[in-house]
Amino acid sequence: MIKVSVMYPNSKDVQFDADYYKNTHLPMVSKLVGSALKDLELDLGIASRVPGELAPYVAIAHLKFDSVKAFQESFGPHAETFAADVKNYTNIQAELQISELITF
């Protein structure tokens with residue numbers, strides 16, 4: 001199993017519409033990638049380890065797939081649609097990381 005983390009770095013100038021992301025963007029992603037998506041979680045940053053500092057990321061979406069191939073085959077055909085929607089909820093460029101999930 002792999003996890004695709006889409007991370008939105010935080011700063012004082014960030015604009016991020018969490019309601020739109022949660023209620024419109026992520027449901028669209030889920031619908032379009034279909035059954036290849038095994039799980040979806042959203043973290044909304046509220047603090048950092050230093051009191052009073054911004055959380056390092058305003059939001060992080062975690063999408064789980066069986067494999068990198070499953071992610072690429074389900075996500076790739078819709079990548080332009082997903083990218084075109086970004087302007088509707090944020091003014092920042094997301095970072096993307098694909099991780100292998102290891103359970104203990």
Please examine the side chains of Ile92 and Val58, heavy atoms only from C-beta on, and report whether any two atoms are closer than 4.5 Å. yes
Test side chain to side chain donor-acceptor pair (under 3.5 Å) applied to Ser5 and Glu41, His62, Gln97, the passing residue: His62
Begin with the C-alpha distance, continue with both residues' side-chain angles, and end with the deciding distance and a verdict on side chain to side chain contact (heavy atoms under 4.5 Å, CB included) for Ile98 and Val68. CA-CA 8 Å; Ile98 299 175; Val68 173; 4.0 Å; yes
Mind telling me whether Phe75 and Phe71 have parallel, tilted or perpendicular rings, with 30° and 60° as the class edges? tilted
State, yes or no, whether a side-chain contact exists between Leu26 and Leu40 at a heavy-atom distance under 4.5 Å. yes
Minimal heavy-atom distance between Ala61 and Tyr21, with the atoms involved, is CB-OH, 3.2 Å
Once you round to the nearest 0.5 Å, how far does OH of Tyr57 lie from OG of Ser48? 13.0 Å
Indicate yes or no: at least one non-hydrogen side-chain atom of Phe82 is less than 4.5 angstrom from one of Met28. yes
Heavy-atom side-chain proximity of His25 to Tyr20 below 4.5 angstrom: yes
Rounding to 0.5 Å, atoms CG (Leu44) and CG (Asp19) come to a distance of 9.0 Å
Any idea which heavy atoms bring Ala36 and Ala70 closest together, and the distance? CB-O, 4.1 Å
Gln93 and Tyr8: side chain donor to acceptor below 3.5 Å: no
Of all residues at least two apart in sequence or in a different chain, which pass the salt bridge (charged side-chain N to carboxylate O under 4.0 Å, His left out) check with Asp85? none
Distance from Asn91 atom CG to Ser11 atom OG, nearest 0.5 Å? 7.5 Å
Nearest heavy-atom pair of Val6 and Ala94: which atoms, and what distance? CG1-CB, 3.7 Å
Are Phe16 and Val86 connected in a single hydrophobic cluster, I mean Ile/Leu/Val/Met/Phe/Trp/Tyr linked by side-chain heavy atoms less than 4.5 Å apart? yes
Side chains of Leu101 and Lys64, heavy atoms from C-beta outward: is any pair under 4.5 Å? yes
Restricting to pairs with a member in residues 3-16, which pass salt bridge (Lys or Arg N to Asp or Glu O under 4.0 Å), not counting sequence neighbours? none
For the pair Ile60 and Leu42, evaluate side chain to side chain contact (heavy atoms under 4.5 Å, CB included) and give the outcome as yes or no after the intermediate values. CA-CA 6 Å; Ile60 305 172; Leu42 174 60; over 6 Å; no
Under the side chain to side chain contact (heavy atoms under 4.5 Å, CB included) criterion, do Asp17 and Asn88 qualify, and how do the steps go? CA-CA 8 Å; Asp17 185 340; Asn88 293 317; over 6 Å; no
Residue Leu96 excluded, over 12 heavy atoms near CG under 6.0 Å: yes
Would you say Met7 and Phe65 are hydrophobically clustered, going by side-chain heavy atoms of ILVMFWY under 4.5 Å? no
Side-chain donor or acceptor of Asn10 paired with backbone N/O of Ala55 under 3.5 Å: yes
Pairwise distance CG(Leu63) to CD1(Ile2) - rounded to 0.5 angstrom: 9.0 Å
More than 12 heavy atoms of other groups within 6.0 Å of Lys69 NZ: no
